[in-house]
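Here you go, one structure.
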Amino acid sequence: MGEHNVHSSTDQKNRAEFIKHLLDDIKALEIMIEQDLIEKDIVRIGAEQEFCLVNNNWRPAKNAEEILRAINDTHFTTELAKYNLEINLDPLELKKDCFSTVENELNRLLTKAKITAAQFDTKIVLTGILPTIRKRHLELEYMTSNPRYSALNDILRTQRGTDFELHIRNVDELSIHHKSVLFEACNTSFQMHLQIPPQDFVSSYNWAQAISGPVLGLCTNSPLLFGRELWSETRIALFRQSMDIRSSSYALKDRGARVSFSNEWASGSVVEIFKNDIAQHKVVLSRDITANSLSELKKGNIPKLQALSLHNGTVYRWNRPCYGVGGGKAHVRIENRYIPSGPTTLDEIANFAFWVGLMIGRPSKFDDMSKCMDFRDAKGNFIKAARNGKDAILNWMGSHISIQDLVTKELLPIAHSGLEKANVDANDIERFLQIIEKRAKGITASDWNIRSYRSFQKNMKRDDALRTLTETIYQNQQSELPGHEWPILKTKLSKKHKDASLVGHIMSTKLFTVDKYDLANLATSIMKWKNIHHVPVENKPGKLCGLLTWNHVKNIQDQKKNNDNCIVSDIMVKKVVTVQPKTTIIKAIQIMKKHEIGCLPVVQKQDLVGIITIKDIIAFDHGKSL
């Protein structure tokens, strides 16, 4: 998440001073490019590994900061939520066994994290979106106590002016509001960095944009959110909407999102990309800067461009240009941000080698992408791949082609050539690209997640299926088999999860509801058709206002108090006993006993989110008798 020593940009004096430094940083970068002060005779790679922390019940943990202190290693840093951490790997020169070296270092650091986390009864899972995340894990109590995160949350909420909205639809549909940016905390990625010679930056950047669709489609690993089947790579839609400060209005406005793929091919130099981002996106964070970049240049020093780096860190391009200083030399690089974490480190390094090989192996005919491909096709391919994964049909250089054919027939040979050009060891080229080829011909991690989840749901309720899925992901990761070799479990696991302790874990969320002004005959017909004994009643704003129970309805019918014109409000129970998702199951049982009722609607701020019945409790064998 970048620089931590920051504050919001609401103070006008601090904001003005920061913007002055930001403009000076742009001038300084232009001077460095003109004076050939940007490193160009070496290519390095680097990566960032985000991972999830789960407790023994496979739910998000809440102890990232304690684990981080215990690890005591500068490679590790916090993330937005208390159930995530990040590893920053050391950069390496692109040559010989660099990818095996990255793999070994990543595994060493993850093993260190696993050993430390185990001391806190916590496990590590690599996945694009942790299946067991629920809405309650997005409350501010789960936000890491770091000034950057709270400042970012406060300023984005202020600039947006309303709650954040999430609307994603595919097989299932998710539509929800939230008060913080913690939706973004659901996303876990494997970010890849490639140093680029400044004179070739725009050509490389545009090529990176062009290949994003097919690369993403083959690497998807985030098909589920809150138990809903959404995009093959749901992170793409989730991240864009979770950081969006634009709010809806009656006016038709063209305003760029902070998370974007861009709208046109880049031109000029890397400086032009930075300029466009400054022009389009407001400053949301600032920091105290003592050393002016132009002054540092005059002294013969290489400036860090702190203002530019901070602002760039709040503009979330899926392919993001970056400036850095290492060993006293400045460099520019492309950060690939769209690849999800997992399913294994072997898969991640294969993705890394594939992407780097493609970048280095770019055929000369693609030096000017504007002459080869309409930018809208590249952007459309990215969205298609995010939605449909490997099944997407892309528009590639004017022709329609499947991702499988594009990867196996055209992109893999380019990647192979690029890695050979970079003098990468032949054994590494073969080992990593073979995984890409087998995945292209087989299944992706998203495919495995969906097939396994559907299989589990045949015998389990949603919460159990999600925890079983998370447990299976963890177990498979210990085997070190690449994701395309993971077996699809066809039957229910013998081990039962018996830790369901909250109403939210076992409640039914697929509800049949009626309006208070509906005809009673409609409501009773629905109850008969669907063989259900409890139907919540909602008013016009969609709030819970009553409950129909079969026994109550039957009594009224027996008393002959209903007729063809009777409406639901005439026969419903008006004083409804409810619980919340956080209510314990034991407490719910006590409430049912006290009021001698067989169901409890589950509400959250008056919104109906589920229902729990005696059958739900018995089905989960909670061990409590009613």
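The figures here come from the full heavy-atom set of this structure, side chains too, leaving out hydrogens, waters and symmetry mates.
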Check your understanding: For Arg169, does the CZ atom sit with more than 12 other heavy atoms under 6.0 Å from it, leaving out its own atoms?
Key -> no
Review point. Is Glu229 salt-bridged to Arg454, cutoff N-O under 4.0 Å?
Key: yes
Check your understanding: Is there side-chain contact between Cys52 and Thr127, with heavy atoms separated by less than 4.5 Å?
Key -> yes
Review point. Listed by chain and number, what are the ring-ring contact (aromatic ring centres under 6.0 Å, His included) partners of Phe226, not counting sequence neighbours?
Key: none
Check your understanding: Taking only residues two or more places apart in sequence, or in another chain, which ones meet Trp355 in a ring-ring contact (aromatic ring centres under 6.0 Å, His included)?
Key -> none
**Study point:** NZ/NE/NH1/NH2 to OD/OE distance under 4.0 Å, Asp463 and Arg59
**Key:** yes
Check your understanding: Is Arg240 salt-bridged to Glu184, cutoff N-O under 4.0 Å?
Key -> no
Review point. Any idea which heavy atoms bring Ile124 and Tyr474 closest together, and the distance?
Key: O-CD1, 3.4 Å
Check your understanding: Is a salt bridge present between Glu105 and Arg108, judged by a nitrogen-to-oxygen distance below 4.0 Å?
Key -> yes
Exercise for review: Compute the ring centroids of Phe261 and Tyr338, then answer whether they are less than 6.0 Å apart.
Suggested key: no
Check your understanding: Can the ring centres of Tyr316 and Phe239 be said to be less than 6.0 Å apart?
Key -> yes
Practice item. Verify whether one side chain among Asn388 and Ser232 offers a donor that lies under 3.5 Å from an acceptor in the other. Key: no
Check your understanding: With the threshold set at 4.0 Å, does a side-chain nitrogen-carboxylate oxygen contact exist between Lys461 and Asp464?
Key -> no
Review point. Can Glu437 and Lys441 be counted as an ion pair, charged N to O under 4.0 angstrom?
Key: yes
Point to revise | Lys438 NZ: over 12 foreign heavy atoms closer than 6.0 Å | key: no
